> 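After the structure tokens below, expect a handful of questions from me.
One is the number of the first residue; the rest follow in order along the sequence. For clarity, every value in this text was computed on a predicted model and none was experimentally measured. For ligands, and for the atoms within them, numbers begin at 1 and follow the listed sequence.
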Amino acid sequence: MADTVTDAVTDAAANLKLNAAPADKADNAPKLQFDEETQKWYSKGELKKILAKRAKKAANKDKPSSTGAEAPPKKPAKTEDTPLDPEAMFKQGFLNEVYNERPVKPVMTRFPPEPNGFLHIGHSKAIAVNFGFAKYHGGHCILRFDDTNPEAEEEIYFTAIEDMVRWLGFEPYKITYSSDNFSKLYEMAEKLITLEKAYVCHCDDEEIKLQRGGEKGSSPRYRCKHAEQTVEHNLREFQRMKDGAYRPREAFLRMKQDITSGNPQNWDLAAYRVLDKAHHRTGDEWKIYPTYDFTHCLCDSFEGITHSLCTTEFYLSRESYEWLNGQLVEWQPIQREYGRLSISGGILSKRKLKELVEKKIVRGWDDPRLFTLIGVKRRGVPPGAILEFVNELGVTTTNSIIQASRFEQTIRRYLERTVPRLMLVLDPVPVIIEDAGELDGTEIDVPFSTKNTEMGSHKIKFTKTIYIDRSDFREVDSKDYFRLAPGKTVGLLYAPFPIKATSLTKDEATGQITEIRAVFDRETKKPKTYIQWVGTDGRNAEVRLYNSLFLSDNPASAEGGYLNDINPESEVVYPNALIESGIEEVKRRAPWPEAAGEDKLGKGGPESVRFQGLRVAYFALDSDSTDDKIILNRIVSLKEDVKKAN
Ligand SMILES: Nc1ncnc2c1ncn2[C@@H]1O[C@H](COP(=O)(O)OP(=O)(O)OP(=O)(O)O)[C@@H](O)[C@H]1O
Ligand SMILES: NC(=O)CC[C@H](N)C(=O)O
């Protein structure tokens, strides 16, 4: 959480904030339920009706037909390839209710990251919620850098954050900084003092803790003597804080709220603290900085925010948010809270990510195994798939920890309908087709997709020597094996005839097969299996297959810590893979798909060169690629991988 100041006042409040479940809120929220069949969210009542209808249909299906004639085969229910209404999350459920609470136009929202790290997958939900909500209601969303804590913020994060917002396809209405308002906020603090609602306090952490009810909140809460100071005294002291008369922690400005309240967010929170740190935008101008609790609500009001949407750990803060704005400003935004999104088996904590990067366990902050947005992007996940994922999950007040496999399923489905197909061989072994004859060097026209003809086609060469994957050949055949083996026939995708293996050569030293000889099998019209291949016009490629970075689902609590939980197979590299020549056209025509933020940037980055490697997986070009070297990342495996046992 941003801006949690070092002061015990805010620390304690923040802890309580995190621990307190917004139970009553959650109970009131409309609960949506997920229907596996349609992959959509419905209200409880709606789903009940749908299930009843489905059960009736199923029962009728089993009844013998009255005419005795067989009913024509029904088209399978469209589940996999029918994407959910992209606006579903705004039309129903929590966000719809929030809008109805204040159905104003134009809607004004903000996405307020603290520039203290790279965004992660959870932030994509915050971006989709804030930018999407405004867009859906014909309003605007501001990208506001919540930069009130110079101790944690760095310049590089500003551009990285902005890039990610745009990459996801959103255009900030304005880019603002909380620090734009430092002078105005200072005046507001003076006004609060004048209203006798703030005082300069000099207590240390220990004292503050006692004032707030001690260790377990068991002793009575009370105010310190500083709360009795006059307005003039407080104004003078606050000015002295500003002028640098105090070192950090020697003085801070506290709001005078309601210490009898049950909500710790009302227990005289810190509004300003002294920090001995230059700010990246205001330099040495300020010795004091406003806290999150003081800044956020006021900036929301200054910017005319209508709906301030944040995550549920701010539920208790809603009261202090409303209290402070109520004291100082006219325009009152409403704050509403939705559940955080995390992915199981991943790490999102900045400190832990930093350790993984510094210890070189991963390739950097953008390592394709990380759930940072730059990592997910480098892996090749399209921005549209991320938005689809968030939309499918829906927005409620419940925090959700989603299995990585669920995320991958959405990505797979998205890629299935949007990217071209190419033939790629991970671990090539040459096959020499002895009777290739005049077919050697012939051009074959290959469609980029068999489902979507609009993707067009490209030409590849069929050559006497082709390369197949080592895993598609077995020296010892068996009945239930349908790929290539001595004396056995297999189909070659798009090739004129199937081939039958006749002999093989091995490396004496390693026992590895170095060459397979084969002939066309012109008799077999329908071979049981077709395999992919690459001719001599293919390109060399390094392929990096990514798996989960951690072995367990919850690396943070793994025995020996998360560093002890690293999956040794999280990156498997095939340095000598081959990709068919069609990759050149796929590269030229990127981004695939031409969607969301990527086309707005002109050409997408290397990661927008996406394709399905037939029978292998979905891939994207890695940013380490050069004009001479193709490096591919596996985005996700194919569903078919599981079945590929024949
Ligand atoms: N996992 C998440 N799911 C949904 N929204 C999130 C998530 N993490 C942060 N946000 C929201 O994104 C916005 C900007 O967040 P900011 O970077 O300041 O948050 P943070 O809580 O410090 O993130 P971090 O998880 O990196 O500590 C906030 O409104 C915050 O509530
Ligand atoms: N209200 C909010 O959305 C909180 C934003 C703030 N930058 C934080 O996460 O701490």
> Please say whether P112 places an N or O atom under 3.5 Å from an N or O atom belonging to ligand 2.
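There is such a contact, yes.
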> Report yes if T311 has an N/O atom closer than 3.5 Å to an N/O atom of ligand 1; otherwise report no.
yes
> With a 6.0 Å cut-off on ring centres, are Y321 and Y292 close enough?
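No - the distance between ring centres of Y321 and Y292 does not fall below the 6.0 Å cut-off.
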> Using 0.5 Å steps for rounding, measure from the CZ atom of R378 to the CH2 atom of W365.
14.5 Å
> Considering distance alone, does some N or O of R340 sit under 3.5 Å from an N or O of ligand 1?
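Between R340 and ligand 1 (N or O atoms, distance only) the closest approach is under 3.5 Å.
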> With heavy-atom distances below 4.0 Å as the criterion, list the atoms of ligand 1 near F111.
12 (O), 13 (C), 14 (C)
> Heavy-atom contacts with H120 under 4.0 Å: which atoms of ligand 1 show up? List them by number with element.
1 (N), 8 (N), 24 (P), 25 (O), 26 (O)
> Give the atom numbers and elements of ligand 1 that come within less than 4.0 Å of a heavy atom of K350.
22 (O), 24 (P), 26 (O), 27 (O)
> Would you say the ring centroid of F158 lies under 6.0 angstrom from that of H280?
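That pair passes the under 6.0 Å test.
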> May I ask you to check whether Y272 and Y289 place their ring centres under 6.0 Å from each other?
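No, they do not, as the ring centres are separated by 6.0 Å or more.
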> Any nitrogen or oxygen of E114 lying under 3.5 Å from a nitrogen or oxygen in ligand 1? Just yes or no.
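N/O-N/O distance under 3.5 Å: yes.
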> Using only atom types and a distance under 3.5 Å, with no angle test, would you say the side chain of H307 pairs donor to acceptor with the backbone of R102?
yes
> Tell me yes or no: between the side chains of S552 and D565, is some donor less than 3.5 Å from an acceptor?
yes
> Aromatic contact between F314 and H296, with the criterion being ring centroids under 6.0 Å apart: yes or no?
no
> Checking E559 against N564: is there a side-chain donor and acceptor pair closer than 3.5 Å?
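No - no donor-acceptor pair under 3.5 Å links their side chains.
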> With a 4.0 Å cut-off on heavy atoms, does P112 reach ligand 1?
yes
> Is a donor on one side and an acceptor on the other found under 3.5 Å between the side chain of R610 and the backbone of P591?
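A pair under 3.5 Å: no.
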> Evaluating non-hydrogen atoms only, which member of A126, G122, S308, S124 is closest to atom 2 (C) of ligand 1?
G122
> In this structure, is the centre-to-centre distance between the rings of Y157 and F145 below 6.0 Å?
no
> Would you kindly specify which portion of H296 sits under 4.0 Å from ligand 2, judged on non-hydrogen atoms: side chain, backbone, both or neither?
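Side chain only.
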> I'd like the name of whichever of N116, V129, L341 reaches closest to atom 3 (N) of ligand 1 through any heavy atom.
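Closest candidate by heavy-atom distance is L341.
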> Mind checking whether R110 has an N or O less than 3.5 Å away from an N or O of ligand 1?
no
> Can you name the atoms of ligand 2, numbered from 1 with element, that are less than 4.0 Å from a heavy atom of D146?
5 (C), 6 (C), 7 (N)
> Against heavy atoms of Y338, which atoms of ligand 1 measure under 4.0 Å?
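The list of qualifying atoms is 4 (C), 5 (N).
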> Could you tell me whether ligand 2 has any atom less than 4.0 Å away from a heavy atom of R110?
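For ligand 2, residue contact (heavy atoms, under 4.0 Å) with R110 is present.
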